[in-house]
> 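Structure in structure tokens, see below.
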Amino acid sequence: MSAPLTWRVARLVERRVETPTAQTLVLDAPGWPGHLPGQHLDVRLTAEDGYQAARSYSLAGPADGDRIALTVQRVPDGEVSPYLIDVYAPGDPVEVRGPVGGWFVWRPGQDVPVLLAAGGSGVVPLMAMIRARRSAGSRAPFRLLYSVRTPADVFYAEELRRRARDDEGLDVAYVYTREAPQGWRGEPHRVGPADVTANGWPPEDQPLCYVCGPTGFVETVADLLVGLGHPPARIRTERFGPTG
């Protein structure tokens, strides 16, 4: 039996701007037990009057000792995300609890092909898998299909460009739903069968498929994969909602 999860105090040590509405926060969390790529944690804030608010965030990469990273997108009128992005300062404490989740994970020892399909901020746990793959020296072939509204909405844009160039066995493809960059072939559209076929793996390769994003995106991509012949047991999904 695993030990019960407990709240621990973590402090901000670094922040990185990802998009106009999202930032990556690097926290020092003494005693952090480690985690698998794809897991998440809970963050809890306590006001001076004792009121508490907690939200769940995906871990954005493998742990570096007691240091962990999460990427937070500001939600209008949210209780937690505006504080984390606009107020939370280096050295300030928050409470964290985790890691949470054991189904939507990739284990570095696995060597089968992997399809990562992300919608918007759903890329966060999938980026953790990409980073963990590199850290572990894994040779498992990865393909990321990333759907975003516009180029400005891409999380980890520069890092993904670098990894697509330097990480052998990693391919990255984008679908833009509202505005595409200059030179991009095709018109803005939602992910369809052609995108999944061109940028995924054939069922006979028996890939593991991880799909994360808003409910509509996840259901669409999962249905497309099943329709193309992928066994449902090889498709792992996680839905992101607008919690802030």
Side-chain angles (χ1 to χ4, degrees), residues 2-3 5 10 18 22 24-27 29 32-43 54-73 96-148 154-156 159-160 163 167 169-172 196 199-201 206-215 217-219 221-222 225 230-241 243:
S2 60
L5 296 177
E18 302 293 352
T24 291
L25 309 179
V26 180
L27 309 178
W32 183 255
H35 59 271
L36 292 170
Q39 290 187 300
H40 56 276
L41 83 170
D42 299 323
V43 175
R55 295 292 184 269
S56 180
Y57 294 101
S58 289
L59 290 148
D64 179 11
D66 288 334
R67 294 205 169 178
I68 55 177
L70 56 149
T71 302
V72 177
Q73 185 163 34
V96 298
R97 180 176 64 182
V100 181
W103 168 247
F104 194 83
V105 299
W106 178 75
R107 301 176 188 277
Q110 299 170 161
D111 59 3
V112 300
V114 173
L115 170 63
L116 308 172
S121 61
V123 75
V124 178
L126 308 184
M127 191 64 181
M129 298 177 191
I130 291 172
R131 289 167 168 165
R133 173 186 181 271
R134 176 62 180 264
S135 295
S138 170
R139 299 183 66 84
F142 270 37
R143 291 179 178 174
L144 171 65
L145 176 61
Y146 188 5
S147 174
V148 291
V154 176
F155 286 22
Y156 322 119
E159 182 179 353
L160 282 172
R163 290 188 179 277
D167 288 14
L170 170 65
D171 295 315
V172 179
V196 177
N199 302 293
W201 300 96
Q206 299 184 324
L208 279 173
C209 304
Y210 297 86
V211 187
C212 187
T215 296
F217 171 86
V218 170
E219 291 179 349
V221 174
L225 289 168
H230 293 270
R234 305 286 290 179
I235 304 169
R236 302 184 179 187
T237 62
E238 184 165 287
R239 294 161 174 79
F240 269 32
T243 58

> Are side-chain heavy atoms of Pro33 and Pro99 found at a separation under 4.5 Å?
yes
> What heavy-atom pair brings Ala63 and Ile68 nearest, and what distance separates the two atoms?
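Looking at all heavy atoms of both residues, the closest pair is CB-CG2, 4.4 Å.
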> Nearest 0.5 Å, please: how far is CG in Leu115 from CG in Asp171?
11.0 Å
> Which residues pass the salt bridge (charged side-chain N to carboxylate O under 4.0 Å, His left out) test with Asp42, sequence neighbours left out?
Arg97
> Side-chain contact test, heavy atoms from C-beta onward, threshold under 4.5 Å: evaluate it for Gln39 versus Leu36 and give yes or no.
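Counting from C-beta outward, Gln39 and Leu36 do come under 4.5 Å.
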> Looking at every heavy atom in both Ala132 and Pro37, which two are closest together, and how far apart are they?
CB-CG, 3.7 Å
> Identify, with sequence neighbours excluded, every residue that meets ring pair (Phe, Tyr, Trp, His ring centres under 6.0 Å) alongside Phe142.
Trp106
> Is the backbone of Val105 close enough, under 3.5 Å, to the side chain of Tyr210 for a donor and an acceptor to pair up by distance?
yes
> Within 45 degrees of the axis of the six-membered ring of Trp103 and under 6.0 Å from its centre: does Arg236 put its NZ or CZ there?
yes
> Please name the pair of heavy atoms, one in Leu208 and one in Gln110, separated by the smallest distance, quoted to 0.1 Å.
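Minimum heavy-atom separation between Leu208 and Gln110: CD1-NE2, 3.5 Å.
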> Do the side chain of Arg234 and the main chain of Gln206 share a donor and acceptor less than 3.5 angstrom apart?
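Yes, Arg234 side chain to Gln206 backbone: donor-acceptor pair under 3.5 Å.
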> With rounding to the nearest 0.5 Å, note down the distance linking OH in Tyr146 to CZ in Phe155.
5.5 Å
> What are the two closest heavy atoms between Ala117 and Leu126, and how far apart are they?
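Where Ala117 meets Leu126 most closely, the heavy atoms are O-CD1, 3.5 Å.
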> Are the side chains of Val148 and Val123 in touch, meaning some heavy atoms are under 4.5 Å apart?
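Val148 vs Val123: side chains apart.
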> Under the 3.5 angstrom rule, does the side chain of His35 hit a backbone N or O of Gly61 as a donor-acceptor pair?
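At least one qualifying donor-acceptor pair exists.
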> Locate the shortest heavy-atom distance separating Cys209 from Leu225; write the atom from each residue and the value.
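Where Cys209 meets Leu225 most closely, the heavy atoms are CB-CD1, 3.9 Å.
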> Who passes ring pair (Phe, Tyr, Trp, His ring centres under 6.0 Å) against Tyr156, sequence neighbours left out?
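For Tyr156 there are no ring pair (Phe, Tyr, Trp, His ring centres under 6.0 Å) partners, ignoring immediate neighbours.
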> Do Met129 and Leu116 come within less than 4.5 Å of each other through their side chains, counting heavy atoms only?
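Yes; the side chains approach each other to less than 4.5 Å.
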> Output yes when a side-chain donor or acceptor of Arg131 lies under 3.5 Å from a complementary backbone atom of Ala60, and no otherwise.
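Yes: the side chain of Arg131 pairs with the backbone of Ala60.
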> Determine yes or no for a side-chain-to-main-chain donor-acceptor pair under 3.5 angstrom, with His230 supplying the side chain and Trp201 the backbone.
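Checked: pair present.
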> Look up atom OG in Ser135 and atom CD1 in Ile130, then write down how far apart they are to the nearest 0.5 Å.
12.0 Å
> Does Leu70 reach the side chain of Thr24, with side-chain heavy atoms less than 4.5 Å apart?
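Answer no - side chains too far apart.
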> With rounding to the nearest 0.5 Å, note down the distance linking CZ in Arg133 to CZ in Arg163.
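The CZ atom of Arg163 is 9.5 Å from CZ of Arg133, to the nearest 0.5 Å.
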> Can you check whether Arg55 reaches Val43 side chain to side chain, under 4.5 Å on heavy atoms?
no
> Is there a side-chain contact between Pro125 and Tyr57 in this structure, where contact means two heavy atoms from C-beta onward sitting under 4.5 Å apart?
no
> Nearest 0.5 Å, please: how far is SG in Cys212 from CD in Glu238?
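One finds 4.5 Å between CD of Glu238 and SG of Cys212.
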> When you measure from the side chain of Gln73 to the backbone of Ala22, do you find a donor-acceptor pair of N or O atoms at a distance under 3.5 Å?
no
